[in-house]
Structure formats: C-alpha cells, structure tokens
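Reading through the structure tokens given below for one structure.
The shown structure was predicted, so the numbers you read here are calculated from the model rather than taken from an experiment.
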2 protein chains.
Amino acid sequence: MSELESIEASLRKAGFKLTPQRRATVELLLKYQTQHLTAEEIYALLKQNHPNVGLATVYRTLDMLTDVQVVNKIIFEDGMVRFDLKTQDHGHFHHHLICNICGRVQEIHEDLLVDIEKEIKQKYRFEVADHRLTFLGICDRCRQKRIDKN
Amino acid sequence: MSELESIEASLRKAGFKLTPQRRATVELLLKYQTQHLTAEEIYALLKQNHPNVGLATVYRTLDMLTDVQVVNKIIFEDGMVRFDLKTQDHGHFHHHLICNICGRVQEIHEDLLVDIEKEIKQKYRFEVADHRLTFLGICDRCRQKRIDKN
DNA sequence: ATTGTTGCAAAGATTTTGCAATCTA
DNA sequence: TAGATTGCAAAATCTTTGCAACAAT
C-alpha cells in the first residue's frame, strides 16, 4: 500500500469523505515532504492545478489532517504556522535547525532527548508525552559564505 | 541597583524615554516574572491601575523591550505569543514543561543541552546561537489527581 | 522646545464561520 | 438520497500603523 493510499484509508476510517481537494492536498504534502509549508503556500501551490479551490477549504483540510494525525501543525519561533506530513520513519523524533541568516529550516531525525526525558521525569515528576526542540543559529551554507567573504 | 532601575537604565541607554506606561509595564512584568503573559493579559492587568493605557502602547512597549533584550518573546505550540522577562540568573538556559491537561507552563532553569549542542555542531556544522526546548505531557499535579480518582 | 510617545480608530494579516450550492458514499 | 463538503464572503482575532495631541528630556 502506497503512502497516499494509506493516508486515504486513515481518512475513510475516521469517517471523512475523500474529495478531490483533499486528495490533491495530501498529494501535495507528499510531494513537498521535506519542506514545512504554510497554509498560504499550500493554497498557492494547489491553485496551480485546482484553480477554484478555496482558502477556507485548505484550512479545513489541514485541520482535519492534523486531527487524524496525518500532519503535524508546527508553530515556529517566528510565529509562522507550518504543516508537515507525519511519516512512519520520522515518528516523533524530529527536531529543527533554523538558520538566523537565511531562514532555512532543516530537520534532523534522531532522538537526542532519551536521557533528558528520563531526567525530567525523575526531577519534576512530569510525564513526557512529546517534545519540541529547535536550535537557532548559523547553518553550514551561511557559515561557508561568511568565510568566503573574508 | 534594583532590577527595575537596571532595566530603566537599559532603556535610557538605548535612547528610549521612560514614560509612566513603560515603567508600569516593566513593574508588572517583574511582578509576574514566573508567568508567561500574553499582550492581552498584560493590557488587562495594566488597565487596573492605568485605566487609559492603550493596547497599541502595550504592543509597542513589548516590542521595544524585546528589541533591547529585556524581555523574551516566546511562541508556544498553542501559537499564543507570550512575553517573559529576561533575568540574569536565568540566562538562556530556560526550558518549558507544558501540561496537556491543565495547560500550566512550568519553567526549568538548567542547561540540559550542552552535550547535544556539541553534537549538533559536529554532525551538522550548525553554529548554535540559541535553542528552544519544550516538553509536552502531564504535570505532577494532574498525575496526582488522576491517581486520587481511582 | 524638540522629539519621542501616546491613545484612538482604522487598516492589515491570518484564520474561522455561516450558508446555499454541490458533491461523495 | 442524505449528510458531509465546498467556495464565497463576512466575521473574528490578533497585531500594526497613521495621526493629532501630549509629555519627557
């Protein structure tokens, strides 16, 4: 079963109808998997092939996909709301490196926090269900450019 | 020099005038240091003693305080923009535990990421300038309540 | 006195909602 | 066919801005 089919099955299972708009949105999210798109960006890309899709539908579809756990709704430090397909292999171990210079958002897929979560549980008696970890700084590309300039 | 005086000195140094509205805002942030207030919350609290302060002024004051590094503008997973006084002792080692049940935001003041930042730098050649770490889960209080119920 | 600052109201930006028309199952 | 879904426009939120009056240095 392809990833698309598996997502479509999740929707049906949750009792949602599979409309062309929803299918197109899921396909688009699959295509741009590595990126973190905003609702407006998704809307603009969708318009290219589906000129009369409405922005409200995009918002509603993204909400629904968030509900059924197909996408992650991520709010970064800049306050931008971005949507991101949840994929099996990435699971919940998914952190971000945000470059202060070029603004690029890089994902890293490894769990860095296993030991720290244990520590949190012991010290604060806090049951960790999920976490968000973001590093802000200067990415490799921008660092290289800086060196080149001098 | 009190914390208030030191903040007022920062403002003057940056060329800003010290108006009653600004002083009141800083005093309020000092008073509610442990909390993360939204602009609206700050506005409402301010109104109690300064009934004719404007919301726009609150936003402008908070922007200015962010510029001069007196407050942190933090955007959590819920998308709410919150403001938080930067204090010497807390520095940049300041993480959050957010309870999924009661919504309480708890700060923890220790640097958990020293080793991880080194790893990030080596693996991704990313120069870390700052970080944001948030744990989502169930706080001690809510966990206790759950146990009591059974 | 000069320049920054304020409050207000209007404008922006983003997201949500009401509703009649339309589609999916 | 029945109920969910859509597009549109209007509304709701949150934040910013223009401007004349005002206040801090």
Considering residues at least two apart in sequence or located in another chain, which fulfil the salt bridge (charged side-chain N to carboxylate O under 4.0 Å, His left out) criterion with A:Lys73?
none
Classify the ring geometry between A:His131 and A:His95 as parallel (under 30°), tilted (30 to 60°) or perpendicular (over 60°).
tilted
Suppose we screen for salt bridge (charged side-chain N to carboxylate O under 4.0 Å, His left out). Which residues come up paired with A:Lys123, at least two apart in sequence or across chains?
A:Glu119, B:Glu110
Check the distance between D:dC14's P and B:Phe83's CZ and give it to me in whole angstrom.
13 Å
5' to 3' contact window, DNA chain C with chain A (heavy-atom distance under 4.0 Å)
C:dT14 to C:dA25
Could you check which residues of residues 39-47 of chain B get a heavy atom under 4.0 Å from DNA chain D? Sort them by number, please.
none
DNA chain C contacts among residues 10-32 of chain A, heavy-atom distance under 4.0 Å:
A:Lys17, A:Leu18, A:Pro20
Side chain to side chain, B:Leu11 and B:Leu65, heavy atoms closer than 4.5 Å:
yes
Does A:Asp115 have any side chain to side chain donor-acceptor pair (under 3.5 Å) partners at least two apart in sequence or in another chain, and if so, which?
none
Mind checking what makes side chain to side chain donor-acceptor pair (under 3.5 Å) contact with A:Gln69, not counting sequence neighbours?
A:Lys86
Nearest non-hydrogen partners of B:Phe135 and A:Ile116, listed with the distance:
CZ-CG2, 3.8 Å
Give the intermediate values and the outcome of side chain to side chain contact (heavy atoms under 4.5 Å, CB included) for residues B:Arg82 and B:Glu41.
CA-CA 9 Å; B:Arg82 291 162 187 282; B:Glu41 285 166 348; 4.1 Å; yes
Angle between terminal axes - the helix from C:dA1-D:dT25 to C:dA25-D:dT1, 5 pairs each end, rounded to 10°:
40°
Measure CE/A:Met80 against P/D:dC14 and give the value in whole Å, please.
17 Å
A:Asp63 CG to D:dT6 C1': how many Å, rounded?
15 Å
Which heavy atom in B:Leu62 sits nearest to a heavy atom in B:Thr66, and how many Å separate them?
O-OG1, 2.7 Å
For the atom pair CG (B:Leu97) and CD (B:Gln106), what is the distance rounded to the nearest 0.5 Å?
5.0 Å
Student check: side-chain heavy atoms of A:Leu112 and B:Ile120 closer than 4.5 Å:
yes
Which residues pass the ring pair (Phe, Tyr, Trp, His ring centres under 6.0 Å) test with A:Tyr43, not counting sequence neighbours?
none
Within residues 53-62 of chain A, residues whose heavy atoms come under 4.0 Å of DNA chain C:
A:Leu55, A:Ala56, A:Tyr59, A:Arg60
Please set out all donor-acceptor pairs under 3.5 angstrom arising from side-chain atoms of residues 14-32 of chain B, sequence neighbours excluded.
unit_1	atom_1	unit_2	atom_2	d
B:Thr19	OG1	B:Arg22	N	3.2
B:Arg22	NH1	B:Lys17	O	2.8
B:Arg23	NE	B:Glu8	OE2	2.9
B:Thr25	OG1	B:Gln21	O	2.7

Which one of A:Asn72, A:Ile74, A:Thr61, A:Ile42 satisfies the side-chain contact (heavy atoms from CB on, under 4.5 Å) criterion with A:Phe83?
A:Ile42
Within residues 46-69 of chain A or reaching into it, pairs that qualify as salt bridge (charged side-chain N to carboxylate O under 4.0 Å, His left out) - sequence neighbours excluded:
none
